[in-house]
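See structure below.
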Number of protein chains: 2
Amino acid sequence: MTDEASLREANDRFYRALENLDLLTMDDLWTHDGWVFCVHPGWDILVGWEAVRHSFEQIFANTSWIRVTATAVRIEVFGDIALVSCAENITAKAEEDVGLAVAQATNIFRRTPAGWKIMHHHASPAPVQVTHPFSGTVQ
Amino acid sequence: MTDEASLREANDRFYRALENLDLLTMDDLWTHDGWVFCVHPGWDILVGWEAVRHSFEQIFANTSWIRVTATAVRIEVFGDIALVSCAENITAKAEEDVGLAVAQATNIFRRTPAGWKIMHHHASPAPVQVTHPFSGTVQ
């Protein structure tokens, strides 16, 4: 499998783990270093795998249903470091509210003997353009 | 000069160029590739040096005064790629308003024959904690 295909698969696995509220897959997807870096949209920076893992625990505990579709996926490989950027198209339900959001993500992967692992995730709120699915009109 | 010192200097130069509304230094600081990536806080993604340069032209044209102090600077070097993350503490004046903001930045540099160059800048709004300078009380 090419690096690009492996990275696309790892990036997809990350979003499937989010959708499935699946902490064990998160464990497998990330490097567990003390300098692992994560910014969730609107959150303060988290440093170190322990803090990042805890944030996913919190998000999963407060989310009943979430769907994330990655679009505009761009992959650049520089030796053992790879940069994946994408738009995260998010629909989520917390308590009784269903929310729609778009975030822009920078995901940085590191090549390890066990495959590409995430070492840096930076997601930030992006402008949302709402297009009605059938009429094609834009709000 | 160590990689870390060179990167700290290049990162500082980026924020001084912002403060000085200095497009020529931006030209020198960035790689000029078609896949250069930039997200300003709350903006949509920009791809390619031409689009990124144009965004700085727009920002500089609409800013009369800006001060940016980088704090919590973290530098990680992986061969010819380096990851610098920091908090951007921003005070800016546009028209008659003075605004305070904090953004979280991921800056990715690439080693070139001409030194470390920025290839990716992702800045996103971060929570602001206001501390009164003299009393130390927090708003």
Side-chain angles (χ1 to χ4, degrees), chain A residues 3-4 31 33-49 51-52 55 70-89 101-112 116-130, chain B residues 3-4 31 33-49 51-52 55 70-89 101-112 116-130:
Chain A
D3 279 342
E4 189 172 324
T31 56
D33 297 297
W35 48 262
V36 158
F37 172 108
C38 180
V39 177
H40 299 299
W43 287 45
D44 219 339
I45 176 179
L46 301 165
V47 177
W49 171 241
V52 174
S55 74
T71 52
V73 180
R74 295 172 67 242
I75 299 173
E76 307 281 345
V77 181
F78 305 90
D80 291 340
I81 299 293
L83 183 52
V84 179
S85 68
C86 59
E88 303 174 344
N89 303 274
V102 180
Q104 181 59 49
T106 295
N107 297 327
I108 307 179
F109 291 77
R110 188 176 193 179
R111 193 195 305 270
T112 76
W116 291 99
K117 301 290 180 186
I118 305 172
M119 63 179 208
H120 181 112
H121 170 68
H122 184 166
S124 61
V128 180
Q129 195 182 58
V130 178
Chain B
D3 279 342
E4 187 171 325
T31 56
D33 296 297
W35 48 261
V36 158
F37 172 109
C38 180
V39 177
H40 300 298
W43 286 45
D44 218 338
I45 176 179
L46 301 166
V47 178
W49 170 241
V52 175
S55 75
T71 53
V73 180
R74 295 172 66 243
I75 299 173
E76 306 281 345
V77 181
F78 305 91
D80 290 341
I81 299 293
L83 184 50
V84 180
S85 67
C86 59
E88 304 174 344
N89 303 275
V102 180
Q104 182 58 49
T106 295
N107 298 327
I108 307 177
F109 290 77
R110 189 177 191 178
R111 194 196 304 270
T112 77
W116 290 100
K117 301 289 180 186
I118 305 172
M119 63 179 207
H120 181 113
H121 170 68
H122 186 167
S124 61
V128 179
Q129 194 182 58
V130 177

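Note that the coordinates shown come from a computational prediction; the quantities given were computed from them, not determined experimentally. Below, read A as the first sequence line, B as the second, and so on, with proteins coming before strands; counting in each chain starts at 1. Both backbone and side-chain heavy atoms feed into the values below; hydrogens, waters and symmetry mates do not.
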*Qualifying residues under salt bridge (Lys or Arg N to Asp or Glu O under 4.0 Å), relative to B:Asp3, sequence neighbours excluded*: B:Arg111
_If the condition is salt bridge (Lys or Arg N to Asp or Glu O under 4.0 Å), which residues does B:Glu76 pass it with, not counting sequence neighbours?_
B:Arg74
*Please round to the nearest 0.5 Å and tell me the distance separating atom NE2 of A:His120 and atom NE2 of B:His122.*
8.5 Å
*Leading residue by heavy atom contact count with chain A [cutoff under 4.5 Å; candidates B:Ile108, B:Asp80, B:Leu83]*: B:Leu83
*Minimum heavy-atom distance between B:Thr31 and B:Lys117, given as atom pair plus value*: CG2-CB, 3.4 Å
*Under the side chain to side chain contact (heavy atoms under 4.5 Å, CB included) test, residues paired with A:Ala70 that sit two or more places apart*: A:Tyr15, A:Val73, A:Cys86
*Determine which residues belonging to residues 34-41 of chain A lie within contact range of chain B, meaning some heavy atom pair is under 4.5 Å apart, and list them by number or answer 'none'.*
A:Trp35, A:Phe37, A:Val39
*Between chain A and each of B:Ser124, B:Pro125, B:Ala126, count heavy-atom pairs under 4.5 Å; write down the option with the most.*
B:Ser124
*Compare every heavy atom of B:Met119 with every heavy atom of B:Ile81, then report the nearest pair and how far apart it is.*
CD1-CE, 4.0 Å
_Need one label for A:Ala105: side chain, backbone, both or neither, based on atoms under 4.5 Å from any heavy atom in chain B._
backbone
_Is any side-chain heavy atom of B:Val77 closer than 4.5 Å to one of B:Trp116?_
yes
